[in-house]
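Following: one structure in structure tokens, then a few remarks.
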Amino acid sequence: MEKLRYFLLMDGVDKEQTICQYMDLDYLLRLLDTRTYFVKPKQSFQDFHERCLPFKSIFKLHFIGRECDKSMLADTEESLVRLRQFRESGTMLTACWTEHRGENALMWRNFTNKMGICIKSSIHNFIASIDTDDYDICCGRMSYTGIHTETEIVDCLFTKDKAFADEDEIRFYFTPRCSQSDKTDKGVSIPVLPQVLIDEIILSPYINVQACKVLIDFINEKYNIDKQNRFRVRTSEIKIKS
């Protein structure tokens with residue numbers, strides 16, 4: 001029987017969309033060995049504005065010397081409410097993928113070390129692989145218009161500065177269905193079915209050719225147990241000068 005959970009797909013996103021995630025090899029091995037997918041709170045990401053709004057978006061600017069009236073006080077109160085809501089959103093469990101279909105050299109350098117891998121999946125398969133009904137999930141495409149004073153809190157969750165536009169990010173938010181669920185600043189491991197989640201594993205172009213062969217054999221022998229749902233493991237098609 002299919003597990004019941006709420007899944008919200010934001011406008012303009014196709015559930016069959018191919019998605020990729022770049023990660024270090026140890027992260028992949030932990031996923032395969034424990035059959036769990038690790039998600040971090042939004043505020044733990046490198047972008048400062050994931051946990052704090054830009055100052056210009058917190059308060060509307062008023063001319064110095066302008067007499068304070070009720071509308072200005074209302075604007076300030078509204079801004080404080082938005083600031084509190086945004087700070088609270090920093091604890092939301094978040095998974096970041098990219099909709100780049102092909103390999104991306106910048107992604108290899110920015111999101112992995114030398115021993116890195118890329119998982120290829122789809123929005124549908126990622127959701128289907130979640131082996132628990134403890135979370136409601138929301139998925140949307142990030143907009144790179146920057147956060148402005150008028151931006152609603154929901155839109156803030158799917159908005160980043162244009163400097164990050166090359167990420168082409170598809171983002172998932174996990175909301176615990178039980179208020180008693182464990183909360184942590186470091187993240188949570190969510191049960192998954194790797195054979196459903198993973199369509200393909202690509203090894204980093206920075207890994208030695210012989211090491212790639214060993215890793216491919218190891219992953220195939222140890223983790224591709226279900227022959228009906230074998231995921232492909234291959235080397236990168238990007239050629240890096242050694």
Side-chain angles (χ1 to χ4, degrees), residues 16-42 44-47 50 93-131 142 160 163-172 186-242:
E16 301 302 328
Q17 170 75 53
T18 296
I19 54 176
C20 297
Q21 188 174 74
Y22 292 76
M23 62 182 69
D24 291 336
L25 178 63
D26 57 341
Y27 187 107
L28 170 70
L29 295 180
R30 179 175 62 180
L31 186 159
L32 294 174
D33 204 52
T34 65
R35 300 173 70 85
T36 61
Y37 179 87
F38 188 70
V39 289
K40 298 179 181 180
K42 184 167 73 77
S44 68
F45 299 150
Q46 289 184 335
D47 180 7
E50 295 280 11
L93 297 172
T94 310
C96 304
W97 293 68
T98 179
E99 58 181 326
H100 277 299
R101 293 180 180 272
E103 290 184 67
N104 187 292
L106 289 177
M107 291 288 181
W108 281 122
R109 288 200 295 269
N110 292 342
F111 295 99
T112 71
N113 58 30
K114 178 180 179 180
M115 299 297 287
I117 64 93
C118 173
I119 288 179
K120 183 176 289 187
S121 185
S122 69
I123 292 175
H124 173 272
N125 287 355
F126 179 52
I127 297 300
S129 75
I130 306 299
D131 197 27
M142 296 300 288
K160 295 183 73 171
F164 295 89
D166 289 340
E167 293 176 352
D168 285 335
E169 183 181 337
I170 296 291
R171 178 169 290 194
F172 298 83
K186 296 182 178 180
V188 173
S189 293
I190 298 178
V192 295
L193 301 173
Q195 70 274 21
V196 177
L197 167 62
I198 301 171
D199 292 333
E200 184 177 53
I201 297 173
I202 306 171
L203 303 182
S204 171
Y206 297 99
I207 301 177
N208 174 272
V209 174
Q210 185 59 40
C212 280
K213 294 179 180 179
V214 174
L215 284 172
I216 291 173
D217 290 342
F218 172 77
I219 293 173
N220 280 329
E221 291 175 9
K222 183 172 177 63
Y223 298 109
N224 260 326
I225 299 174
D226 188 346
K227 304 302 182 183
Q228 300 301 315
N229 291 290
R230 285 180 64 93
F231 44 74
R232 181 188 179 198
V233 187
R234 68 171 177 85
T235 57
S236 170
E237 294 178 351
I238 297 178
K239 303 302 180 184
I240 300 296
K241 185 177 180 180
S242 59

Value rounded to 0.5 Å, distance of [atom1] in [X] from [atom2] in [Y]:
{"X": "I240", "Y": "K114", "atom1": "CD1", "atom2": "NZ", "result": "12.0 Å"}
{"X": "C212", "Y": "R234", "atom1": "SG", "atom2": "CZ", "result": "11.0 Å"}
{"X": "R232", "Y": "I198", "atom1": "CZ", "atom2": "CD1", "result": "14.5 Å"}
{"X": "S204", "Y": "M115", "atom1": "OG", "atom2": "CE", "result": "8.5 Å"}
{"X": "I201", "Y": "L32", "atom1": "CD1", "atom2": "CG", "result": "5.5 Å"}
{"X": "T235", "Y": "K213", "atom1": "OG1", "atom2": "NZ", "result": "9.5 Å"}

Nearest heavy atoms of [X] and [Y], plus distance in Å:
{"X": "I202", "Y": "S236", "value": "CG2-CA, 3.8 Å"}
{"X": "P41", "Y": "T94", "value": "C-OG1, 4.4 Å"}
{"X": "D199", "Y": "S122", "value": "OD2-N, 3.9 Å"}
{"X": "H100", "Y": "C20", "value": "O-SG, 3.4 Å"}

TODO: Apply the side chain to side chain contact (heavy atoms under 4.5 Å, CB included) test between F172 and each candidate in L93, I127, V39; give the one that qualifies.
DONE: I127

Does a side-chain heavy-atom distance below 4.5 Å link [X] with [Y]?
{"X": "I119", "Y": "W97", "result": "yes"}
{"X": "L203", "Y": "I216", "result": "yes"}
{"X": "I117", "Y": "T112", "result": "no"}
{"X": "R30", "Y": "F38", "result": "yes"}
{"X": "R35", "Y": "L193", "result": "yes"}
{"X": "L25", "Y": "I207", "result": "no"}

Sidechain-backbone polar pair: [X] side chain, [Y] backbone, donor-acceptor under 3.5 Å:
{"X": "E103", "Y": "E237", "answer": "yes"}
{"X": "D131", "Y": "P191", "answer": "no"}
{"X": "Y22", "Y": "N104", "answer": "yes"}
{"X": "N208", "Y": "Q210", "answer": "yes"}
{"X": "S129", "Y": "V196", "answer": "no"}
{"X": "T98", "Y": "E167", "answer": "yes"}
{"X": "D33", "Y": "L29", "answer": "no"}
{"X": "Y206", "Y": "W108", "answer": "no"}
{"X": "Q195", "Y": "F231", "answer": "no"}

Task: Between Y37 and Q21: side-chain donor-acceptor atoms closer than 3.5 Å - done: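 Their side chains do contain a donor-acceptor pair, which is all the 3.5 Å distance test asks for.
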
